[in-house]
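Here is the naming used below: chain letters follow the sequence lines, and residue numbers restart at 1 for every chain.
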Number of protein chains: 2
Amino acid sequence: MTADMEIPAPRRTRIQQEKRELILEAALEVFSTNGFRGSTIDQIAEAAGMSKPNLLYYFRRKEDIHETLMQRLLDTWLAPLRELDDIGDPLTELRSYIRRKLEMARDFPRESRLFANEILQGAPRIMPMLEGELKTLVDEKAAVIKGWMRAGKIAPTDPWHLIFSIWATTQHYADFDVQVRAVLGPDRGGDGRFEDAARFLEQLFIDGLKPKS
Amino acid sequence: MTADMEIPAPRRTRIQQEKRELILEAALEVFSTNGFRGSTIDQIAEAAGMSKPNLLYYFRRKEDIHETLMQRLLDTWLAPLRELDDIGDPLTELRSYIRRKLEMARDFPRESRLFANEILQGAPRIMPMLEGELKTLVDEKAAVIKGWMRAGKIAPTDPWHLIFSIWATTQHYADFDVQVRAVLGPDRGGDGRFEDAARFLEQLFIDGLKPKS
DNA sequence: CAAATTTTTGACCGATTGGACAAACGTTAG
DNA sequence: CTAACGTTTGTCCAATCGGTCAAAAATTTG
């Protein structure tokens with residue numbers, strides 16, 4: 001595509017695979033909390049329980065780690081949207097999409113923050129993917145949603161901004177978790193906050209704020 | 001409070017004030033796009049059109065710039081929420097809050113990204129403010145909103161998560177601007193995207209997605 | 001066992017970083 | 001003019017950074 005693919009190097013040993021996984025796990029932790037430039041190889045090496053030269057034996061450059069991490073992330077990150085399907089009731093379909101995204105924010109907050117960091121800095125490393133793969137997928141799903149609107153199944157509005165609002169509201173609970181917990185306080189900021197959020201978001205997206213009366 | 005307040009140094013010259021403003025303006029640009037650790041004093045100095053030692057004559061440490069920037073930010077950042085008032089129609093009041101927040105995302109995207117960067121990294125420098133000033137303000141406004149709900153003016157739901165969702169959806173257009181523009185493409189990603197967003201958000205928050213029928 | 005190969009490490013390097021400092025420069029007041 | 005003060009800069013420094021390298025250690029292979 002835009003550049004030559006990474007050589008599909010034959011990961012020899014299973015041990016080598018495992019060490020690479022170990023490094024990627026440690027790097028996810030470090031990168032997601034400090035950003036790319038804010039993270040050092042030493043930090044990642046220490047988190048992975050090995051020396052810096054040893055880490056560089058498995059990944060030649062710091063960027064290689066980040067790139068590998070980012071490539072994996074994107075697949076799993078877009079999976080929920082890919083599942084959004086034309087079969088079944090539209091409102092139910094959207095409800096489950098919101099729920100899936102919120103579960104991802106709960107279960108994979110580091111991945112969410114890694115992604116947010118990248119976008120915040122102007123997406124220097126994944127811009128082609130945003131304009132290509134991501135845009136294609138969103139356009140496709142926007143068409144599906146537009147179909148639902150034409151069929152009178154959901155209120156007519158802008159499908160793209162609808163998708164943005166789902167991303168924003170759900171990922172907020174991963175990216176801004178510190179703030180959410182600080183504002184909710186010790187009582188309501190516990191594990192229950194995701195269920196509260198799920199309840200609220202469902203109501204917001206389905207019924208809005210206008211009183212029933 | 002937690003630490004000794006910054007000494008209210010008597011900013012002597014008006015020229016000195018102006019130079020400090022110049023530096024803060026440049027630092028806002030640099031910090032908001034590279035994060036704190038990703039930014040260098042040299043970058044800020046160059047953006048401000050002066051040499052590094054000269055910059056360090058006005059701010060002794062890199063952290064001082066960031067701290068000053070952050071303190072100013074917080075005041076203006078919470079202003080829209082402070083304006084949320086109990087007088088007037090609740091739905092109208094919420095509508096204007098959303099509009100004001102979206103305008104801030106449009107007009108002050110750098111401030112939004114600076115704040116997002118800080119939160120993403122765990123809010124190491126403003127945690128006390130989140131648990132103190134911010135929580136107090138949000139709790140106060142949540143009480144106002146709860147009053148509206150009890151009066152049947154808006155649908156009963158969780159006021160805290162409502163505020164979160166407004167923050168998330170509006171700031172998304174500043175923090176994830178690159179992604180928004182990439183997905184919308186050249187046609188719809190132009191200046192009109194904020195008006196589209198305003199229209200969509202108003203409908204979402206007032207009526208939700210359920211068809212009128 | 002021994003040879004070959006893979007893995008790990010200590011030592012090191014050049015570049016960049018935040019910051020210090022004294023000297024030079026400019027401006028203003030007497 | 002000149003002394004005092006505020007401003008600017010070139011130079012320097014120690015710490016940290018990403019990354020190299022050769023040699024040691026461990027493991028695999030025959």
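To the nearest angstrom, C1' of C:dG19 lies 12 Å from CD1 of B:I65. Between B:Q17 atom CD and D:dT7 atom C1' there is a gap of 16 Å when expressed in whole angstrom units. Rounded to whole Å, the distance from CZ on B:F59 to P on D:dT7 is 13 Å. Whole-Å rounding puts the B:I23 CD1 to D:dT7 C1' distance at 12 Å. For A:Q43 and D:dG18, the CD to C1' distance is 13 Å, given to the nearest whole Å.
Side-chain nitrogen and oxygen atoms of B:K62 include none within less than 4.0 Å of the OP1 or OP2 phosphate oxygen of C:dT17. OP1 or OP2 of D:dT7 has at least one side-chain nitrogen or oxygen of B:Y57 nearer than 4.0 Å. For the pair B:Q16 and D:dG6, the criterion of a side-chain N or O lying under 4.0 Å from OP1 or OP2 is not met. The phosphate of C:dT9 has OP1 or OP2 within less than 4.0 Å of a side-chain N or O from A:N54. Put simply, B:S51 has no side-chain N or O that comes within less than 4.0 Å of OP1 or OP2 on D:dT8. The side chain of B:K19 places an N or O atom within less than 4.0 Å of a non-bridging phosphate oxygen (OP1 or OP2) of D:dT8.
Residue-to-nucleotide proximity on DNA chain C shows that, of A:L55 and A:R37, the 5′-proximal contact is made by A:L55. Toward the 5' end of DNA chain D, the nearer of the two residues B:Y58 and A:R60, judged by each one's closest nucleotide, is B:Y58.
In this structure, the separation between CZ on A:F108 and CD on A:E103 is 10.0 Å, given to the nearest 0.5 Å. To the nearest 0.5 Å, atoms NZ (A:K62) and CZ (A:R37) are separated by 7.5 Å.
Ring pair A:H66/A:F36 is perpendicular by interplanar angle, where above 60° counts as perpendicular and below 30° as parallel.
Cation-pi contact between B:R20 and B:F59: present, with separation from the ring centre below 6.0 Å and deviation from the ring axis of at most 45°.
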